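Computed from a prediction, not measured in an experiment: that's the story for all the values here. Note that the numbering runs from 1 along the sequence shown for the chain.
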Amino acid sequence: MNFDQRIHSIHEIDVLSASKLFRLKINDEPYIYKEFTEKSGNELEVYELIRQNIRANIPRVIKIYTESPKGMIMEDLGVPLKRVGLNSSEKQSLLYQAVQSLSKIHSSGKMHSERFLSMDSRREYVDISNWSVWTLPMLQNLLKKNLSWFDEESISTLRKIHSEFQRRFPEPSDEKTFNHGDPHLDNIFYKDDEIYFIDWEWACVSSPLRDFTLFIQDVQEIHLIKELKNFYGKSLREQGYEVERHKFDNDFNYYLCDNTMKMISWNIEKFLKGFITQDALKEFLMSKERILNHFLK
């Protein structure tokens with residue numbers, strides 16, 4: 001079916017992404033067009049692997065463009081969990097449902113990790129220091145803004161936290177499975193009583209706790225993080241995926257620090273590019289420092 005002749009409205013979605021995203025109207029029905037870049041990876045192959053083998057809901061793909069620029073038209077799932085207008089109790093219920101869906105991805109994906117790597121050997125996640133590569137340079141860039149609430153002592157505090165995590169949890173375990181790669185709440189949707197995941201371009205093979213600690217970056221309440229962590233472990237076991245306790249705890253702490261440092265960098269970049277306010281960044285940094293200090297106890 002030739003959708004190209006029926007598109008009667010199109011506008012770019014203004015987000016920081018590895019791909020370009022557009023919202024379309026085709027015969028008055030909403031769709032998303034995703035145009036791939038070199039950074040996107042071969043997401044179409046990932047979608048095919050998921051469709052055949054992984055227990056995950058993904059958007060229905062309407063049309064694929066295989067010539068440059070490569071892309072696809074898919075169904076519009078509406079509003080992501082991060083922006084859904086619900087009360088705290090309703091949103092918390094959806095978080096638990098999303099965690100359960102994540103555990104299904106990891107349990108069903110474990111036996112397909114080698115096949116996934118055979119598609120692209122670069123898909124095995126290589127652990128590097130987000131602190132030295134991204135976070136410290138971004139903190140130095142933020143320091144140049146001469147903000148009243150951020151100074152050299154702020155950087156020193158984060159440096160000490162990172163060093164203590166590195167001392168106690170120097171490396172992840174050898175536990176590995178298929179990962180979504182970027183399961184923050186802007187990439188998770190709720191539609192027709194089901195959880196959907198989008199944007200699989202960062203899919204990789206790594207510890208399941210890497211995905212989980214990316215997911216909880218959008219959760220600021222410490223008690224809820226702890227509850228979701230316990231529920232996630234329980235959900236994995238119910239799916240038949242047993243992760244040894246010491247590996248589970250080690251990888252949680254290792255990737256909590258690593259992914260938090262990554263998100264600090266990301267949010268500073270969003271602030272410097274005008275996507276978030278100074279107050280929002282200040283609140284975010286204070287929250288992340290509080291969470292990291294708690295799990296170091």
Worksheet item: Is the NZ or CZ atom of Lys34 both under 6.0 Å from the centre of the six-membered ring of Phe36 and within 45° of that ring's axis?
Response: no
Discussion item. Test of understanding: with side-chain hydrogen bond (donor to acceptor under 3.5 Å, both in side chains), list the residues that count as partners of Asn253, not counting sequence neighbours.
Written reply: none
Discussion item. Suppose we screen for side-chain contact (heavy atoms from CB on, under 4.5 Å). Which residues come up paired with Glu289, at least two apart in sequence or across chains?
Written reply: Thr157, Ile161, Asn293
Discussion item. Tell me whether Lys20 contacts the main-chain N or O of Tyr33 through its side chain, where contact means a donor paired with an acceptor under 3.5 Å.
Written reply: no
Discussion item. Please check: side-chain N/O of Asp211 versus main-chain N/O of His180, any donor-acceptor pairing under 3.5 Å?
Written reply: yes
Discussion item. Does Lys262, at its NZ atom, have more than 12 non-hydrogen atoms belonging to other residues, nucleotides or ligands within less than 6.0 Å?
Written reply: yes
Practice prompt. Apply side chain to side chain contact (heavy atoms under 4.5 Å, CB included) to the pair Gln278 and Trp149, showing each step before the final yes or no.
Written response: CA-CA 10 Å; Gln278 180 182 156; Trp149 51 270; 2.7 Å; yes
Worksheet, complete the sentence: Output for pair (Tyr232 OH, Phe212 CZ), nearest 0.5 Å, gives 7.5 Å
Practice prompt. Output yes when a side-chain donor or acceptor of Ser101 lies under 3.5 Å from a complementary backbone atom of Ile195, and no otherwise.
Written response: no
Response to the item:
Across all chains, not counting sequence neighbours, the side-chain contact (heavy atoms from CB on, under 4.5 Å) partners of His223 are Glu221, Glu227
Worksheet entry | Backbone of Tyr254 reached by a side-chain donor or acceptor of Asp258 within 3.5 Å | no
Worksheet item: When clusters are formed by joining ILVMFWY residues with side-chain heavy atoms under 4.5 Å apart, either directly or through shared neighbours, do Leu143 and Phe284 land in the same one?
Response: yes
Practice prompt. List for me each residue that meets side-chain contact (heavy atoms from CB on, under 4.5 Å) alongside Thr135, sequence neighbours excluded, and say none if there are none.
Written response: Asn130, Trp131, Leu139, Met261, Ile264, Ser265
Discussion item. So, applying ring-ring contact (aromatic ring centres under 6.0 Å, His included) with Tyr96, which one of Tyr190, Phe215, Phe231 is it?
Written reply: Phe231
Fill in: Test side-chain hydrogen bond (donor to acceptor under 3.5 Å, both in side chains) applied to Asp279 - qualifying residues, sequence neighbours left out
none
Discussion item. Measuring from atom CD1 of Ile216 to atom CG of Leu256, what distance do you get when rounded to the nearest 0.5 angstrom?
Written reply: 5.5 Å
Response to the item:
Here the gap from Leu209 atom CG to Asn250 atom CG, rounded to the nearest 0.5 Å, amounts to 9.0 Å
Fill in: Short side-chain to backbone donor-acceptor contact, Ser156 and Glu152, under 3.5 Å
no
Item to complete: Decide yes or no on ring-ring contact (aromatic ring centres under 6.0 Å, His included) for Phe252 and Phe295, but give the supporting numbers first.
Response: CA-CA 10 Å; Phe252 172 83; Phe295 285 99; 5.3 Å; yes
Item to complete: Check whether any side-chain heavy atom of Tyr241 sits under 4.5 Å from a side-chain heavy atom of Thr177, and report yes or no.
Response: yes
Worksheet, complete the sentence: Across all chains, not counting sequence neighbours, the salt bridge (Lys or Arg N to Asp or Glu O under 4.0 Å) partners of Asp182 are none
Item to complete: Give, for atom CZ of Arg55 and atom CD1 of Ile50, the distance between the pair rounded to the nearest 0.5 Å.
Response: 14.5 Å
Worksheet item: CD/Glu269 to CG/Leu142 distance, rounded to the nearest 0.5 angstrom?
Response: 12.5 Å
Item to complete: Identify the two heavy atoms, one from Pro59 and one from Phe197, that lie closest to each other, and give their separation to 0.1 Å.
Response: CD-O, 3.5 Å
Worksheet item: Do the side chain of Asn267 and the main chain of Leu281 share a donor and acceptor less than 3.5 angstrom apart?
Response: no
Discussion item. I'd like to know if Lys191 pairs up with Asp76 as an ion pair, taking the criterion as any Lys NZ or Arg NE/NH1/NH2 lying under 4.0 Å from an Asp or Glu carboxylate oxygen.
Written reply: no
Worksheet entry | Minimum-distance pair of heavy atoms, taken over all atoms of Tyr125 and Ser206 | CB-CB, 3.7 Å
Discussion item. If you apply the rule side chain to side chain contact (heavy atoms under 4.5 Å, CB included), what do you find for Trp200 with Asn187, and how did you get there?
Written reply: CA-CA 9 Å; Trp200 294 81; Asn187 283 340; over 6 Å; no
Discussion item. Checking the side chain of Gln220 only, and the main-chain atoms of Gln217 only, is there a donor and an acceptor separated by less than 3.5 Å?
Written reply: yes
Worksheet, complete the sentence: Residues Glu29 and Tyr31: closest non-hydrogen pair is O-CD1, 3.2 Å
Worksheet item: Any salt bridge (charged side-chain N to carboxylate O under 4.0 Å, His left out) pairs touching residues 92-114, not counting sequence neighbours?
Response: Lys110-Glu175
Worksheet item: Transitively linked via ILVMFWY side-chain contacts under 4.5 Å: Phe150 with Phe271?
Response: yes
Discussion item. Please give me the minimum heavy-atom distance between Pro137 and Ser132, naming the atom from each residue.
Written reply: CD-O, 3.6 Å
Discussion item. Walk me through whether His162 and Leu158 qualify under side chain to side chain contact (heavy atoms under 4.5 Å, CB included).
Written reply: CA-CA 6 Å; His162 178 263; Leu158 286 172; over 6 Å; no
Practice prompt. Name all residues meeting the salt bridge (Lys or Arg N to Asp or Glu O under 4.0 Å) criterion together with Arg51; count only those two or more places apart in sequence or in a different chain, and write none if there are none.
Written response: Glu48
Discussion item. The criterion is side-chain hydrogen bond (donor to acceptor under 3.5 Å, both in side chains); which residues satisfy it with Glu238, sequence neighbours excluded?
Written reply: Lys234
Worksheet item: Which heavy atom in His106 sits nearest to a heavy atom in Pro208, and how many Å separate them?
Response: CE1-O, 3.4 Å
Practice prompt. Walk me through it: do Phe169 and Cys257 pass the test side chain to side chain contact (heavy atoms under 4.5 Å, CB included)?
Written response: CA-CA 9 Å; Phe169 313 103; Cys257 178; over 6 Å; no
Response to the item:
Exactly one of Leu224, Ile225, Asn230 clears side-chain contact (heavy atoms from CB on, under 4.5 Å) with Leu228, and that residue is Leu224
Worksheet item: In the single-linkage hydrophobic clustering (I, L, V, M, F, W, Y; side-chain heavy atoms under 4.5 Å), do Phe22 and Ile62 co-cluster?
Response: yes
Worksheet, complete the sentence: So CG of Asn179 and CG of Leu102: to nearest 0.5 Å the spacing works out to 8.0 Å
Worksheet entry | Asp186: salt bridge (Lys or Arg N to Asp or Glu O under 4.0 Å) partners, not counting sequence neighbours | Arg83
Item to complete: Scan Ile188, Leu95, Leu81, Leu185 and name whichever one has a side-chain contact (heavy atoms from CB on, under 4.5 Å) with Asp218.
Response: Leu185
Practice prompt. Check whether Met263 and Tyr255 end up in the same hydrophobic cluster, where Ile, Leu, Val, Met, Phe, Trp and Tyr are linked by side-chain heavy atoms less than 4.5 Å apart.
Written response: yes
Worksheet item: Donor-acceptor pair, Asp151 side chain versus Glu153 backbone, under 3.5 Å?
Response: yes
Worksheet item: Just checking, is any N or O donor in the side chain of Ser173 or Asp251 under 3.5 Å from an acceptor N or O on the other one?
Response: yes
Worksheet item: Donor-acceptor pair, Ser163 side chain versus Arg159 backbone, under 3.5 Å?
Response: yes
Worksheet item: Does Ile54 belong to the same Ile/Leu/Val/Met/Phe/Trp/Tyr cluster as Met111, with side-chain heavy atoms less than 4.5 Å apart forming each link?
Response: no
Worksheet item: Who passes salt bridge (Lys or Arg N to Asp or Glu O under 4.0 Å) against Glu67, sequence neighbours left out?
Response: none
Item to complete: Kindly write out the residues that satisfy side-chain contact (heavy atoms from CB on, under 4.5 Å) with Lys176, not counting sequence neighbours, or none if the list is empty.
Response: Glu124, Val205
